[in-house]
Amino acid sequence: MSKTPSRSTPQAIRGTQDIFGADAEAFAFVVETFERVRKLYRFRRVEMPVFEKTEVFARSIGETTDIVSKEMYTFEDRGGDSLTLRPEFTAGIARAFLTNGWQQHAPLKLATHGPIFRYERPQKGRYRQFHQIDAEIVGAAEPQADVELLAFADQLLKELGIAGVTLHLNTLGDGDSREAWRAALVEHFRAVRGELSEDSQERLEKNPLRILDSKDRRDRAFVADAPKIDQFLSDDARAFFEAVTSGLDAAGVKWTRADGLVRGLDYYRHTAFEFIPDEGSEAASKLGSQSTVLGGGRYDGLMESLGGAPTPAVGWAAGIERLAMLVGEPTESSSDLIVVVEDDTRLTEAFGLMRSVREQGFSAELIAEGSNRKRFDKAKKKPHDVIVSLQQNMGHSVSHENSDAPVLQAIKPYA
RNA sequence: GCGAUCGUAGCUCAGUUGGUUAGAGCGCCGGUUUGUGGUACCGGAGGUCGCGGGUUCGAACCCCGUCGAUCGCCCCA
């Protein structure tokens, strides 16, 4: 047994987590399911660096919010370059697309997953190092890319067994639509500025679209009669959105229109979406105030901010920990076989048996420590199909509830 | 960055208005019992009560600070 850590044992960094046990199993289930479904949709696997030059994120995210100045893990390396631990996948993928000449593969369907870093106050479902799965279609201007991407997300959530979650869908229109809408919103809210919450008065200057999802009571009345994006959509933008929605209907993806759903960053165009737990659902209570399960949108404006040619793209990301909170307790996997050594002289025999069983593709665990008498009881407490107990004088016993257990074939001399 | 609640054994927690050697259950280790068996009983290890300072004759308990956790606000790529 290890001793209690002394006072000098370093603590884990705030907002990081050591995932173990049932949580780790749920985490792995999310990743494995993602990998399986991603292959069904023929998304190609990509591995990305965990850090990039700071400008990769600074230029793509822009200066509109606190993100760049306050919420990234940015540091100087020994060469004096400013680097940042990735706070998202999209910007790095865009950079890779440009620097590697992946235009030649366009339209390119990519999937990846891994750790993400954001310097934020930890709370329920929110960590400083957390993990995302991510899917992008780069170099595809057509609405069917949005449909395919969303069908992937929808099927993934279904296969994870996550219920009570609905796709909330909106369009931000093309660049001109978006700007006209934004200007109208600013005008609308400026007229009632004094009656808005303090937070929203500030948002009016920094990020007016965000007033639309204010939780403050004082703002709600003005949000309700705020101008809608639909009034500002160009014919093309309207047609694009209709193509997306009719495609989703055809693909059997359920959705609901959320005309207040926005993206804060300027590079977003057209489709914006979030899968959100239904009010009062089990999923909603499990997630607390961190409600979005999976979110994304079309980012046709991103490549240009990184100095590339205009390149249409659409993608989504989802927090693995949050998904894992919703998949429920996976049943602990049981070993096909447990070998109990109740007489230490038979330990070598046990080693041979273990190896043989495992080579035949069965999982097996050995129990050969502690009091001889209590070893069998210990084995009974672990999930298993079959227990073989090696006792004194070359005797043995086999215990199982199911005489069809496949592993019995692999241990015939004992069974 | 702001606010609230919390921090006692590996885990879940108790600890009475501040008062002797800080407790329970589970888990762990050992023994006895049982003997094809997740039994029962006995015993044991394991805590400077998150950390630092203060008040007091005396602090797990009161005060300040700090670190961490949890929940919410801000932010949400």
Side-chain angles (χ1 to χ4, degrees), chain A residues 1-17 20-21 52 56-73 84-94 116-128 130 132 134 197-200 202-203 206-207 209-210 213-216 261-268 272 274 285 287-292 295-297 299 302 305 315-319 322 338 340 342 367 369-384 387-389 391-392 395-401:
Chain A
M1 291 293 286
S2 65
K3 302 202 75 169
T4 303
S6 73
R7 256 172 296 156
S8 62
T9 301
Q11 290 177 310
I13 303 297
R14 168 172 232 190
T16 63
Q17 27 172 4
F20 175 69
E52 298 273 356
V56 169
F57 306 111
R59 284 171 58 180
S60 62
I61 289 167
E63 305 301 328
T64 48
T65 69
D66 292 345
I67 291 173
V68 171
S69 57
K70 294 181 180 164
E71 295 174 9
M72 298 199 309
Y73 272 95
T84 295
L85 301 180
R86 65 184 178 202
E88 59 160 2
F89 277 113
T90 307
I93 286 175
I116 297 289
F117 304 85
R118 297 182 183 178
Y119 193 86
E120 297 180 295
R121 193 70 171 264
Q123 51 187 278
K124 191 170 199 172
R126 189 169 184 172
Y127 304 92
R128 287 182 172 179
F130 62 106
Q132 285 188 339
D134 181 274
S197 67
E198 296 77 14
D199 284 333
S200 285
E202 229 177 281
R203 284 191 272 244
K206 291 163 67 179
N207 207 347
L209 299 194
R210 282 293 168 197
D213 46 31
S214 167
K215 290 168 184 166
D216 196 297
L261 193 155
V262 297
R263 299 275 91 135
L265 305 187
D266 291 337
Y267 58 65
Y268 281 102
E274 295 179 6
S285 64
L287 289 179
S289 67
Q290 305 302 312
S291 56
T292 297
Y299 52 94
L302 173 57
S305 68
W316 56 251
R322 279 189 205 171
I338 297 180
V340 181
E342 294 195 81
I367 293 184
E369 67 281 305
S371 166
N372 278 359
R373 279 213 175 88
K374 290 182 176 167
R375 290 177 187 175
F376 192 87
D377 289 348
K378 221 183 271 182
K380 290 291 279 186
K381 288 182 186 172
K382 290 175 178 279
H384 64 273
I387 296 176
V388 167
S389 173
Q391 298 162 324
Q392 279 185 310
H396 69 263
S397 70
V398 178
S399 161
H400 57 78
E401 258 126 61

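Order of the sequence lines fixes the chain letters, A, B, ..., with proteins taken first and strands second; residue numbering starts at 1 for each chain.
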Completion exercise
Residue set satisfying salt bridge (charged side-chain N to carboxylate O under 4.0 Å, His left out) with A/R203, at least two apart, ordered chain then number -> none

Fill in the blank from the handout: Each base of RNA chain B marked ( ) or [ ] if paired in-strand (Watson-Crick or G-U under 3.5 Å), | if paired to another strand and . if unpaired gives (((((((..((((.....[...)))).(((((.......))))).....(((((..]....))))))))))))....

How long is the line joining [atom1] of [X] and [atom2] of [N], in whole Å?
X      : N     : atom1 : atom2 : answer
A/Q17  : B/U70 : CD    : P     : 9 Å
A/K378 : B/C28 : NZ    : C1'   : 9 Å
A/M72  : B/C76 : CE    : C1'   : 14 Å
A/D216 : B/C74 : CG    : P     : 8 Å
A/Q123 : B/C6  : CD    : P     : 19 Å

Practice task
Could you check whether A/G15 gets within reach of a base, just the sugar-phosphate, or nothing at all, counting any heavy atom under 4.0 Å?
Solution key: sugar-phosphate

Nearest to the [X] side chain among [options], which nucleotide is it?
X      : options             : answer
A/I67  : B/C76, B/G38, B/U32 : B/C76
A/R121 : B/C2, B/U33, B/G31  : B/C2
A/R373 : B/U34, B/C75, B/G31 : B/U34
A/R14  : B/C73, B/G68, B/C28 : B/G68
A/K215 : B/C74, B/G38, B/C71 : B/C74
A/D199 : B/G30, B/C73, B/U36 : B/C73
A/P122 : B/U70, B/C74, B/G38 : B/U70
A/E120 : B/G37, B/G72, B/C75 : B/C75
A/F376 : B/G27, B/G37, B/G3  : B/G37
A/N207 : B/C76, B/G37, B/U34 : B/C76

Handout entry: Residues which pass side-chain contact (heavy atoms from CB on, under 4.5 Å) with A/S305, listed by chain and number, not counting sequence neighbours
Key = A/S60, A/L302

